[in-house]
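The sequence lines fix the lettering, A, B, ..., with proteins before strands; numbering per chain opens at 1.
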There are 2 protein chains.
Amino acid sequence: MFRPFFEKSDIYDMDVGTLCLGALDMGDATGYEIKKMFESGLFSHFMDASFGSIYPALTKLTDEGLLTCTSQQQERRPDKKIYSITKAGREALKDKLLRPLAVDKLKSEFLFTMLFADVLPAERVAALLTNRVADLREELSHIQAERDSELTNGQEFVRRYGEAVVEASLKFIRDNRHLVENRNAMREMENMR
Amino acid sequence: MFRPFFEKSDIYDMDVGTLCLGALDMGDATGYEIKKMFESGLFSHFMDASFGSIYPALTKLTDEGLLTCTSQQQERRPDKKIYSITKAGREALKDKLLRPLAVDKLKSEFLFTMLFADVLPAERVAALLTNRVADLREELSHIQAERDSELTNGQEFVRRYGEAVVEASLKFIRDNRHLVENRNAMREMENMR
DNA sequence: AACTTCATGTAACGAGTTACATGATTAT
DNA sequence: ATAATCATGTAACTCGTTACATGAAGTT
């Protein structure tokens, strides 16, 4: 009988605090800059967080001694708070990264919608596909833009992974959109086989 | 200047209620069966929900007239409640599906972890990759198992999409794992280029 | 014996988002 | 004029999960 060697509560939860720790492991940054990292760049492809969760997380992590914070005065603006990860912070991050991972789950509104392609107006389906292609192309160009920068092996692996998946999606849509766009063409192909 | 033609609140939110409506559009089911659909089968690849959200959603949807419910008595078990989507329910679903979509976002703990491959123990990285391959293989076999069933074009599109992405991921890992597994090999390859 | 499947439901809790507060500067 | 960028922070809210309650039948 299979007995799990870990409890559910042990499963590594990629919460905002951990995300911030990860971001700061790559260099000092402010909360604002961390948000930007989640919006563009390597991180953006598989994580997200809002200011409303980043700022409190940063405060909490600092209280716990996992980060240090230096304020930099600015004129006519709130002080810039530059956070740095501490040794304890690096250890806490590494600790989290050694825990069992949950299987990733994609939440795709696009795929959910495509499930009903047959009952949706043809223009809607076409627009959905076209937008999707545009989004993927944009994502691809962002990913490729990061090619030049000096990345660790891990970062480069992740970058290429994203690139590969986006390229495969793009190719798939190119090759298969007729299936949902042109319903008659589909039936003809079925018959030809 | 760009003026958005829709408000944020208009953006289609794939909440549990909508997921249930979608599931029931494919045929009558109980809450328990809907949960199973989210755990395996076509739906499972990009959505999820627990009993704690499915049952209340079903009750709410019924109150709103989007579903009807017939109880089926059972011996020594709670009555089976079979839900059917109503005409109003189908319209509500279609309505939702016509709203602007948010760009999908993958939350991947695997990729987040791989970002730090360089500072993680080699065995951890190897195990991560091996587990990932196993998970993907399993997912692929599930997706392929659905091949025979009679699917609508939309469903078949989604099935093949999942298949294509999983295959691409598998191929990617096969071709690129050396990048994070064997750090010296990586450097040698870099020099050879 | 112990666990899984069947079957529904509720309450407590948690982690996040959205919206607000504040406000100068620069780009369109 | 209007909006976006910079910059931080808090409070209300939302949506969902987890854990519990209940309990028989079948599987390992």
Any side-chain N or O of Ser53(B) less than 4.0 Å from the OP1 or OP2 oxygen of dT17(D)? yes
Do any N or O atoms from the side chain of Gln155(B) and from the backbone of Thr152(B) form a donor-acceptor pair under 3.5 angstrom? yes
Rounded to the nearest angstrom, tell me the gap between atom CD1 in Ile82(B) and atom C1' in dA7(C). 12 Å
note: Asp63(B), atom CG; dG9(C), atom C1'; distance rounded to Å ~ 14 Å
Please state whether the phosphate of dT17(C), meaning OP1 or OP2, lies under 4.0 angstrom from any side-chain nitrogen or oxygen of Ser50(A). yes
Between Arg77(A) and Asp48(A), which residue's closest nucleotide on DNA chain C lies nearer the 5′ terminus? Asp48(A)
Which whole-number value in Å describes the distance from Leu19(A) CG to dA15(C) C1'? 13 Å
Enumerate the residues from residues 31-45 of chain B whose closest heavy atom to DNA chain D is under 4.0 Å, giving them by residue number; use none for an empty result. none
Is Thr130(A) reaching over with its side chain to a backbone N or O of Ala126(A), donor-acceptor style, under 3.5 angstrom? yes
Check whether Thr113(B) reaches the backbone of Leu97(A) with its side chain - one donor and one acceptor, N or O, closer than 3.5 Å. no
Closer than 4.0 Å, any side-chain N/O of Gln74(A) to the OP1 or OP2 of dA7(D)? yes
note: Lys107(B), atom NZ; dA15(C), atom P; distance rounded to Å ~ 12 Å
Result for 5'-nearest mapping on DNA chain C, choosing between Ile54(A) and Phe51(B), is Phe51(B)
Distance, rounded to the nearest Å, where Asp79(B) contributes CG and dC6(C) contributes P: 18 Å
Report the residue from Glu139(B), Arg159(B), Glu163(B) that forms a side-chain hydrogen bond (donor to acceptor under 3.5 Å, both in side chains) with Gln144(B). Glu163(B)
Atom NZ of Lys80(B) to atom C1' of dT8(C): distance rounded to whole Å? 13 Å
Kindly assign one of parallel, tilted or perpendicular to the pair Phe43(B) and Phe112(A), based on the angle between their ring planes and the thresholds 30° and 60°. tilted
Could you check which of dG16(D), dG9(C), dA7(D) has an atom nearest any side-chain atom of Val16(B)? dG16(D)
How many Å lie between CD on Gln72(A) and P on dC6(D), as a whole number? 15 Å
Using side-chain hydrogen bond (donor to acceptor under 3.5 Å, both in side chains) as the criterion, list what pairs up with Asp135(A), not counting sequence neighbours. none
Over how many whole Å does the gap from Leu58(A) atom CG to dA7(D) atom C1' extend? 13 Å
Taking any heavy-atom pair under 4.0 Å as a contact, classify Thr59(B): base, sugar-phosphate, or nothing. nothing
Is the backbone of Leu21(B) close enough, under 3.5 Å, to the side chain of Asp25(B) for a donor and an acceptor to pair up by distance? no
Quick one: is dT8(C) close enough that its OP1 or OP2 comes under 4.0 Å of any side-chain N or O from Lys81(B)? no
